[in-house]
Amino acid sequence: MGNVIKKIGVMTSGGDSPGMNAAIRAVVRTAKYHGMEVFGIHRGYQGMIEGEISEMEAKDVANIIQRGGTILKTARSKAFMTPEGMAKAYDQLQKHGIEGLVLIGGDGTFRGATAFFKQYTIPAVGLPGTIDKDLAGTDFTIGFDTAVNTAVEAIDKIRDTAEAHDRLFIVEVMGRDAGYIALHSGIACGAEDILIPETATNIEDVLERIDNDERRKKTVHIIVVAEGDEFGGAKELHAAVIQRFPQLDVRSAVLGHIQRGGSPSCADRILASRLGHAAVLALRAGQTQVMAGIINGKIVFTPFENAVKVNSCMSIDMLDMIRVLAV
Ligand code: F6P
């Protein structure tokens, strides 16, 4: 065990997600348990470049497992994607004697890591931290479950008021280019329609379904649309609906960043804890440039370049199901 890593850095990068703190806690506590030194890198790759690096002890991560956001802060760094930025970042890691990294973030984080590690060899293990669930190599990403639950709570409330007024509501949820939040929250809320980027949106079909509901005197119609849907978001859909059905009382809501905040769900805390623990053990075992994930309950490691490939495991057949269930 002569050359087992003794000093590691941990950082969060890209959009924050609920459960990142639970992941940081697991990384720090696992490392300390194994007698390692841990350095927190603040504000992601940007902080790495600027040397915002400080040592962390087990007590520094007390009382954070239940908190949203990230105590290490996060950023999206353009400078890191330049050769100069990467060189500065590497110098800072050398200066602090950091021998391995745990990177908590989404696809931007792992794309950055892939470019960096082509030039500089430092072992790194990633954790999937994003509400979007747009990574391969894991069934769930840290923060997704909480974000979906936040969206569900909001849409349930919207349904109350929609029903009181007999209104048609369009709710736009986050997800960047992915439709997982829309699909899962839409199913859980009994949405009448769900529009996601993974399937072609035919606006005529959407309008026809509204028309059918009208004929059947269905008084409430909720459409959940992913922000990345190719037809557009709530604004575009709203315009198309009122143009065709000027008699309908239509409202729309963009849920926005409330989906990123809040106390992580139990599922996210457990996922973050298991993956944070596994990442440190993986670094100690000599793994590098892989993302830790959980598939069918088992920890698996996927090379960064494969993790960022579009996840093909979305069950599009669930969309057919909602058409049946929303009758
Ligand atoms: O990747 C997470 C995410 O919340 C996406 O769902 C969304 O498109 C994006 O980040 C928003 O980014 P920002 O917080 O920079 O506006």
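Counting starts at 1 for both ligands and their atoms, following the listed order. Remember, predicted model here, so these are calculated numbers, not experimental data.
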Quick one: name the residues clustered hydrophobically with Leu195, using the 4.5 Å side-chain heavy-atom rule over I, L, V, M, F, W, Y, and just say none if it's on its own.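 Grouped by the 4.5 Å side-chain rule, Leu168, Ile170, Ile203, Val206, Leu207, Ile210, Ile223, Val225, Phe231, Leu237, Val241, Ile242, Phe245, Leu248, Val250 form the rest of the cluster around Leu195.
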Is there any salt bridge (Lys or Arg N to Asp or Glu O under 4.0 Å) pair reaching into residues 117-126, and which pairs are they, with sequence neighbours excluded?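 Those involving residues 117-126 do not exist here.
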For Glu37, salt bridge (charged side-chain N to carboxylate O under 4.0 Å, His left out) partners two or more places apart: none
Heavy-atom side-chain proximity of Val61 to Arg29 below 4.5 angstrom: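 Touching, per the 4.5 Å side-chain cut-off.
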Student check: side-chain heavy atoms of Met36 and Leu283 closer than 4.5 Å: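 No, too far: nothing below the 4.5 Å cut-off.
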Tell me which residues fall inside the under-4.0 Å heavy-atom shell around ligand 1.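 Within the 4.0 Å shell of ligand 1, which is judged on heavy atoms, sit Arg76, Ile131, Asp132, Met174, Gly175, Arg176, Glu227, His257, Arg260.
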If you apply the rule side chain to side chain contact (heavy atoms under 4.5 Å, CB included), what do you find for Met174 with Ile131, and how did you get there? CA-CA 8 Å; Met174 277 188 167; Ile131 63 165; 3.9 Å; yes
